[in-house]
Amino acid sequence: MTDMPSAADLLHLRGTLPEKGEPLSLPLTMSSVFHLPGDPAGVPAYGRMANPTWEAAEHALGHLEGAPALLFPSGMAAIAAAFFALLKAGDRLLLPTDGYYTSRLLAENYLARLGVEVEQRPTTAFSEGGFEGFAMVFLETPSNPGLDLIDIAETARAVRAAGGLTVVDNTTMTPFGQRPLALGADVVVAADTKAPGGHSDLLAGHLASNDPAILEAVRDWRKISGGIPGAFDAWLLHRSLETLELRFARMCDSAEVIAARLAAHPAVRAVRYPGLPGDPSHGLATSQMTRFGFLIGLTLADEEAAERLVDTCRYLRAATSFGGTHSSAERRARWGDAVDPGALRLSIGCEPVEELWQALDAALRPA
Ligand SMILES: *Cc1c(COP(=O)(O)O)cnc(C)c1O
């Protein structure tokens with residue numbers, strides 16, 4: 001387990017910056033061009049290269065990650081930047097079979113045809129076969145939707161010894177729940193579309209690393225490919241990050257209570273939550289995560305029971321994303337995930353926990 005970033009410092013990051021009379025809140029800079037006489041070094045030159053609003057969001061994200069961060073227009077844009085800026089023909093890439101589907105699709109459909117060899121292993125057997133010969137090992141822990149864990153420190157050590165880079169997708173935990181760089185990963189990527197944005201109104205992503213060469217390669221990729229964030233989305237994200245610690249703590253506190261009650265509920269067949277003492281992920285979760293997260297894997301009798309819960313629970317929105325202020329749920333089998341037809345992924349939101357529990361309990365009663 002590693003120290004949490006200071007949530008208090010996050011709220012005062014800008015306060016230490018402005019000159020007398022400047023706004024305390026972040027100004028939104030909507031400009032594609034900047035006044036640029038003479039030597040262009042050291043100032044924003046053109047909107048594809050830099051923007052003061054992105055830089056403020058990156059400053060906050062970098063504070064949270066404990067490493068310089070680069071902002072992207074979506075989580076996938078950050079993951080694409082890690083792949084395309086850091087891999088070349090002939091390299092081998094290892095991914096979890098049970099990680100985010102689109103990351104696997106990007107590797108299979110686009111990297112493979114450029115000569116990158118893409119291999120996949122299930123999270124529960126990820127280190128079997130070792131990491132020799134892999135240029136990049138991509139981790140996602142907890143896996144989604146299965147909620148199995150990979151030991152980040154142990155994997156990163158083995159990957160480094162074999163000469164490769166470890167990249168961790170930390171979307172489900174946020175830096176307040178898990179800090180992959182402090183555990184030894186080379187690169188962290190995340191979809192800020194989820195809990196960091198948190199209000200279901202923006203897409204964004206970021207990549208952070210303490211390795212200046214990696215950061216420069218990724219910054220060049222962003223500038224040259226043009227996959228840049230919009231200034232308004234960066235501004236919204238910056239604003240959302242101010243309440244991330246508060247929202248995330250509430251969501252995790254509630255998830256712990258609700259997972260335990262669901263596990264004891266007669267209508268529930270199975271629960272996966274790393275915070276439950278009997279969960280296969282519990283031991284590792286206690287050592288590498290600072291919180292157990294806000295996602296719960298829930299299996300009901302069948303598809304019908306699962307759909308009924310989502311449709312009738314007053315405080316559950318049917319949605320495929322997670323990490324919003326409102327609780328949401330979906331049956332992952334509808335996307336073809338290899339899970340039970342009655343399995344739901346529950347994303348616990350910011351509702352007061354007793355109101356949320358009463359609504360869940362009422363919707364779980366037999367029809
Ligand atoms: C949502 C998600 C992404 C992709 O983020 P977008 O902003 O939708 O591109 C990547 N990884 C994980 C684990 C996610 O949940």
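When a ligand or atom number is given, it counts from 1 through the structure's own listing order.
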Closest approach of any protein heavy atom to atom 9 (O) of ligand 1, naming residue and atom: M76 N, 2.8 Å
So, is T172 polar-close to ligand 1, with some N/O to N/O distance under 3.5 Å? no
Once you measure the plane-to-plane angle for F248 and F294, does it fall in the parallel (<30°), tilted (30-60°) or perpendicular (>60°) bin? perpendicular
Under 4.0 Å from any heavy atom of F322, which atoms of ligand 1 are there? 15 (O)
Evaluate R261 against D361 for salt bridge (Lys or Arg N to Asp or Glu O under 4.0 Å), listing each step before the verdict. CA-CA 9 Å; R261 292 184 190 174; D361 185 43; over 6 Å; no
My understanding is that only one of N144, D98, T141 makes a side chain to side chain donor-acceptor pair (under 3.5 Å) with T123; could you say which? D98
So is there a nitrogen or oxygen of A77 less than 3.5 Å from a nitrogen or oxygen in ligand 1? no
Is ligand 1 under 4.0 Å from a heavy atom in the side chain of I79, in the backbone, in both, or in neither? side chain
Can we say E22 and K20 salt-bridge, meaning some charged N sits less than 4.0 Å from an Asp/Glu carboxylate O? no
Exercise: identify the closest heavy-atom pair between R14 and P27: NH2-CD, 3.8 Å
Under 3.5 Å between some N or O of ligand 1 and some N or O of E140? no
List every atom of ligand 1 that sits less than 4.0 Å from any heavy atom of T193, numbering the atoms from 1 in the order shown and giving each element. 6 (P), 7 (O)
May I ask you to identify the nearest protein heavy atom to atom 6 (P) of ligand 1, giving residue, atom name and distance to one decimal place in Å? G75 N, 3.4 Å
Under 3.5 Å between some N or O of ligand 1 and some N or O of S103? no
Quick note on ligand 1: atoms under 4.0 Å from a heavy atom of K194 include exactly 1 (C), 2 (C), 3 (C), 14 (C), 15 (O)
Where is the tightest heavy-atom contact between A231 and L28, given as atom of each residue plus distance? O-CD1, 3.5 Å
Within a distance under 4.0 Å of any heavy atom of S74, pick out the atoms of ligand 1 and give their elements. 7 (O), 9 (O)
Any side-chain donor near an acceptor of the partner, T171 and D169, under 3.5 Å: yes
The protein heavy atom nearest to atom 4 (C) of ligand 1 is Y100 CE2, 3.5 Å
Judged by modelled atom types alone, do H326 and S200 share a side-chain donor-acceptor pair under 3.5 Å? yes
Run the salt-bridge test on E128 and R121 with the 4.0 Å N-O cut-off and return the result as yes or no. no
Any N or O of A191 that comes nearer than 3.5 Å to an N or O of ligand 1? no
Any idea which protein heavy atom is nearest atom 11 (N) of ligand 1, and the distance to it? D169 OD2, 2.6 Å
